[in-house]
Number of protein chains: 4
Amino acid sequence: MIHLFSNDNTIVNNYIAELRNIEVQKDSLRFRNNLRRIGLHMGYEISKKLNYTTMEVQTPLGIATQSICDDQIVLGTILRAGLPLHEGLLETFDQAENAIISAYRKHDTDIKFHIEVEYMSAPSLQDKVLILCDPMLATGMSMVSCWKILTERRGMPKSTHIVSVIASEDGLNHTRHHLPADVSYWIGAVDPELNAKSYIIPGLGDAGDLAYGVKL
Amino acid sequence: MIHLFSNDNTIVNNYIAELRNIEVQKDSLRFRNNLRRIGLHMGYEISKKLNYTTMEVQTPLGIATQSICDDQIVLGTILRAGLPLHEGLLETFDQAENAIISAYRKHDTDIKFHIEVEYMSAPSLQDKVLILCDPMLATGMSMVSCWKILTERRGMPKSTHIVSVIASEDGLNHTRHHLPADVSYWIGAVDPELNAKSYIIPGLGDAGDLAYGVKL
Amino acid sequence: MIHLFSNDNTIVNNYIAELRNIEVQKDSLRFRNNLRRIGLHMGYEISKKLNYTTMEVQTPLGIATQSICDDQIVLGTILRAGLPLHEGLLETFDQAENAIISAYRKHDTDIKFHIEVEYMSAPSLQDKVLILCDPMLATGMSMVSCWKILTERRGMPKSTHIVSVIASEDGLNHTRHHLPADVSYWIGAVDPELNAKSYIIPGLGDAGDLAYGVKL
Amino acid sequence: MIHLFSNDNTIVNNYIAELRNIEVQKDSLRFRNNLRRIGLHMGYEISKKLNYTTMEVQTPLGIATQSICDDQIVLGTILRAGLPLHEGLLETFDQAENAIISAYRKHDTDIKFHIEVEYMSAPSLQDKVLILCDPMLATGMSMVSCWKILTERRGMPKSTHIVSVIASEDGLNHTRHHLPADVSYWIGAVDPELNAKSYIIPGLGDAGDLAYGVKL
């Protein structure tokens, strides 16, 4: 299942427009805040697909019957650009466990690279709901690698939700091709192209640099 | 149109369960935070009903076409319990104008009262989208009074969205009876009863007191 | 005691510079956020003057002795401009009680006015610590009126802390003249002048309008 | 210079008491929020040591002279426990660049270990102000290793500020012994002991687990 937010009109589209806007990008606080808000609301949409159970709650004035999400959720994030998105997801699912993983493009030549995973901190994923986020799905290679390493080392979740703000068509296809068919995708917008350096066009540039500063 | 969040399973139900829970209520920070999160997500749902226009946005790497909400939104809140809900709505619609209004139950006898409006700060509402919030819709009398005063004094919005976390059946009926038929309602849960002091049963108690402390 | 933040170099000065800046003011989210951050940090400075008691805390690995603020704090705010400042203060003192009061300039002529108090929600103040905030201390008349009404109706706090971002010299003098000598002042900057319409010069304009939109 | 927050009475002590409290720790949202608030206020204290320059700011009503911090700040954080502290620091210094580094205890035997650095994303540090945070300074080995690697690879900052919530006496001594004499320390509390597994006693347990869930 692909939930493409640009197909519907929601306020999330305004946040994505600001993220893309080369003028608004000068304000890194707003940039991070927009990623965080997208995480918040994408988490809310994902919550519609989770499992709920009915409970009785004692109020000061009586007993209320409430339906409560009782899935065990693990919020996974790919460093470093995923952090503000993760912050929003964690604000929505404040009792979730968390997995942090880093993957980078190791360049073999100027334009050819493969993905190396270097850092991982994660709980068991077995039979839990994994929500794995990265703002940009460019080639899709790092998302696929991270998912594979996480699930090989920590067990198979009962469901996986991939969260991304902008995906390239190729990146989304690559990811869907390599991940199981029942994985769900929550994507802000799909852009048509990847350039020679594997940046999404028109995209928004480098989300990590815009959120946290250019790294050497 | 009534959008009743308890009809669907979303994480908002968990927040409402915590708001109701007499044990969790001891943590007023969490209480305020849950109201804020409900405001955030209800705002997001409301945004699906707004008007959008297509714009071109210059990114660092190209030009993107984005659909942007271009309604003029006024977020109205009823003091004081509405403030945390308003905070969440304003986080979602950060460029909105704001209206703040206070109304109170003036008791004629111990159990009989009417609503007095004492404070109002508001922009023109003419042809704008008014989102008016109060966490509890008990009798509905203060919501109706506030809406009438706002629109009489500031002009008629092109649409009104009423946001409330818990409504009584009677309160929702009263409100729908007295407001125009095209008003939309975004309600967390509808509870069956009002007690003699016009508190919702089972409800959650006094939202203002729980968020800000008991007032004399 | 007057604690004048502009006498020391702290990051709060950057926030005040942004609040004043006519270009940065276009971003009302940043405007509110700067008021909130000033509230956060002024609250922290005020906390150095409060009473603490020693407690033992059970950790997972032993018992720690901790000094804990045990004053009963009431955070008072003057509508509507005080709300973002109040939000920051409440983030610092999350267990405080809260008082909300509104006062407005009732114009007798175009340039002459007196202060009317119209809304008040407050707990007992007797023997508590009152922290009362308003971003602008222009004439000081509304601060003085609000303090008097709060303390006449809700009892005398054991100490009062006035929080303001920008005060005029006259406004600060007026306030100090009319409030008890032991009141403490936490002021971001003191500006030299009031214009004929009682706006602080150079000031920042109307804080309420900049945070929440122009009201009719 | 060591700034030991437990020597003074500030509201930060309340946050530390909650962080330590085995009952309050059950609420991971509050745990993260307390780390964030400590980051906020420690950042504010650090800002008193930074460089400022005088600027003129155009307000809507005149020109104000403001003193502005103009240091280039890099906020460094050690994964994963440092992230909520970093969030607070970044809220205070919203225009800072950021460095993220991971270091872990590689166990040679059950109780003997050395530190390995596995992930690093950082800008140039040359002549900037580095604020490097980790909530727990247990042995101090990972702080020392991270600082050395950051400065060897990214250049020498003009000043370094180490931020930590709880340090062991040994850990603080170890760090001071291995870092340059002009490094500043901003420590919430110093605890007397390290146990055989290098946990601080009484401390608070594992800050990363309490914030993000137990990792396998």
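Values below: every heavy atom of this structure, side chains too, minus hydrogens, waters and symmetry copies. Numbers restart at 1 for each chain; the letters A, B, ... are given by sequence-line order, proteins then strands.
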Do Asn98(C) and Thr77(C) make a side-chain contact, defined as non-hydrogen atoms from C-beta onward lying under 4.5 Å apart?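 Answer no - side chains too far apart.
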Give me the contact list for residues 131-154 of chain C versus chain B, heavy atoms only, anything under 4.5 Å, ordered by residue number.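 Within residues 131-154 of chain C, the residues under 4.5 Å from chain B are Arg154(C).
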Using non-hydrogen atoms and a 4.5 Å limit, figure out which bit of Leu79(C) sits close to chain B: side chain, backbone, both or neither. both
Is there a side-chain hydrogen bond (donor to acceptor under 3.5 Å, both in side chains) between Asn33(B) and Arg30(B) once you walk through the steps? CA-CA 5 Å; Asn33(B) 190 40; Arg30(B) 184 169 276 273; over 6 Å; no
Please identify, among Ala96(B), Pro123(B), Ala211(B), the residue contributing the most non-hydrogen atom pairs under 4.5 Å to chain C.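 Result: the option with the highest number of such pairs is Pro123(B).
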Do the charged groups of Glu87(C) and Arg32(C) touch, with an N to O distance under 4.0 Å? no
Among [options], residue most engaged with chain B (heavy-atom pairs, under 4.5 Å):
options	result
Gly213(C), Ala122(C), Ser28(C)	Ala122(C)
Gln95(C), Glu91(C), Lys215(C)	Lys215(C)
Leu90(C), Ile100(C), Leu75(C), Val214(C)	Leu90(C)

Using a 3.5 Å distance criterion without hydrogens, assess whether the side chain of [X] forms a donor-acceptor pair with backbone atoms of [Y].
X	Y	value
Gln126(C)	Met156(C)	yes
His174(B)	Asp170(B)	no
Thr53(B)	Ile68(B)	no

Please list all pairs passing the ring-ring contact (aromatic ring centres under 6.0 Å, His included) test where one or both residues lie in residues 38-81 of chain B, with sequence neighbours left out. His41(A)-His41(B), His41(A)-Tyr44(B), Tyr44(A)-His41(B), Tyr44(A)-Tyr44(B)
With a cut-off of under 6.0 Å to the ring centre and 45° to the axis, is Arg37(B) in cation-pi contact with Tyr15(B)?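 Checked: cation-pi criterion met.
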